[in-house]
Structures are given as structure tokens and as C-alpha cells.
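One structure below.
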Amino acid sequence: MKEKYASVGLNYDLILEKYPNINYYEETVNAYFDDPFFVELKGMLEDEDYAIAKDAVKGLYILASELCLYPLYETLLEIYEDLEYETYDDVLNKYNDMFNVYSRIRGVFNA
């Protein structure tokens, strides 16, 4: 189990410290990964609906932090900072990076 988590950059010991019931943790993470904002965010960014995208990203990165999904948290935070400071030129590339991290971690939990 530890190797599975480490393969996507997650710290199993830290997670177990915060969430002693690993089955409950994995159920919670899977529910989080089903959040439609992960997919809908791309459309928001393409449509330049940055205010709604910013709110969506904020919720996603807060939950990623709470769930100790730090590689995902970091990529979401980069998108949020671009939206916060209105530097939109690279935000879609950062979304693609985030979605790759999301997909990699999700694959481990749904494996």
C-alpha cells in the first residue's frame, strides 16, 4: 500500500496519521475525484469565465490539502494564483498539468 501511494507522490504515513481508517480515506478521496469541477474547469478556462473558475479551483485545492493530496494541491494552487493575479496566458497549460496529476493519482485509487 505504501508503495502504491508513493508511486504518485503521496506520503502514506502522513495520510495514515491523519486518517487512521485507510478504507474510509480511500472512499473519501474517490468521492472527491468524482467532483465534476475537475472536468468542468477546462471549459470555464476556455470560455474565460475566470471568476467561477477561481472559486472552483479554490474549493478543489482546499480539499486536496485536507486529503494530503499534495501533488494535486500544488498544481491547483498554481492555477488559483494565476486566476487571482489575472495572469491567464498559461492557465490552460497549468490545467493540463493539473489534470495529468489528477488522472495519475485517481488511477491509483481506482486500481
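Quick note: residue numbers are just sequence positions, from 1.
Linking Ile, Leu, Val, Met, Phe, Trp and Tyr residues whenever their side-chain heavy atoms come within less than 4.5 Å leaves M1 and Y24 in two separate clusters. Hydrophobic clustering (ILVMFWY, side-chain heavy atoms < 4.5 Å, transitive): Y85 and L76 are in distinct clusters.
Taken from OH in Y32 to CD in E26, the straight-line distance is 16.0 Å, to the nearest 0.5 Å. In this structure, CD1 on I15 lies 5.5 Å from SG on C68, to the nearest 0.5 angstrom. Considering NZ of K42 and CG of D47, their distance stands at 12.0 Å, rounded to 0.5 Å. Atom-to-atom distance recorded for L60:CG and L77:CG is 12.0 Å, nearest 0.5 angstrom.
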Quiz: residues 92-99 side-chain donor-acceptor pairs under 3.5 angstrom, not counting sequence neighbours:
residue, atom, partner, partner atom, Å
N93, ND2, D90, OD1, 2.7
K94, NZ, D82, OD1, 3.3
K94, NZ, D82, OD2, 3.0
Y95, OH, F38, O, 2.8
N96, ND2, L92, O, 3.4

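In this structure, P71 and I105 approach most closely via the heavy-atom pair CB-CD1, 4.3 Å. Smallest separation of non-hydrogen atoms from L67 and Y25: O-OH, 2.5 Å. A pairwise comparison of heavy atoms in K18 and S65 identifies NZ-O, 4.3 Å as the closest pair. Across N110 and N30, no two heavy atoms sit closer than the pair OD1-OD1, 2.9 Å. Across all non-hydrogen atoms, the minimal contact from L41 to A53 is CD1-CB, 3.7 Å. Closest non-hydrogen pair, L72 versus T75, comes out as O-OG1, 2.9 Å.
Side chain of S7 to main chain of K4: a donor-acceptor pair is present (N/O by atom type, distance under 3.5 Å, no hydrogens or angles). Between the side chain of S103 and the main chain of N100, no donor-acceptor pair closer than 3.5 Å is present. Under a 3.5 Å cut-off, the side chain of Y70 and the backbone N or O of G9 do not form any donor-acceptor pair. Remark: side-chain polar atoms of D35 are paired, donor with acceptor, to backbone N or O of F37 under 3.5 angstrom.
Two rings, from Y5 and F109, have their centers less than 6.0 Å apart. Aromatic pair Y88/Y50: ring centres closer than 6.0 Å.
Not a single salt bridge (charged side-chain N to carboxylate O under 4.0 Å, His left out) links D89 to another residue, sequence neighbours left out.
A heavy-atom distance below 4.5 Å is not found between the side chains of E74 and V101.
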If you apply the rule side-chain contact (heavy atoms from CB on, under 4.5 Å), what do you find for V91 with E81, and how did you get there? CA-CA 10 Å; V91 75; E81 289 173 346; over 6 Å; no

Using the rule given for side-chain contact (heavy atoms from CB on, under 4.5 Å), can you reason through L63 versus L69, listing the C-alpha separation, both sets of side-chain angles and the distance that settles it, and then say yes or no? CA-CA 8 Å; L63 287 171; L69 302 171; over 6 Å; no

Step by step, would you call L45 with L83 a side-chain contact (heavy atoms from CB on, under 4.5 Å)? CA-CA 10 Å; L45 296 174; L83 296 172; 4.0 Å; yes

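Between K58 and E84 there is no salt bridge, since no side-chain nitrogen of the basic residue lies less than 4.0 Å from a carboxylate oxygen of the acidic one.
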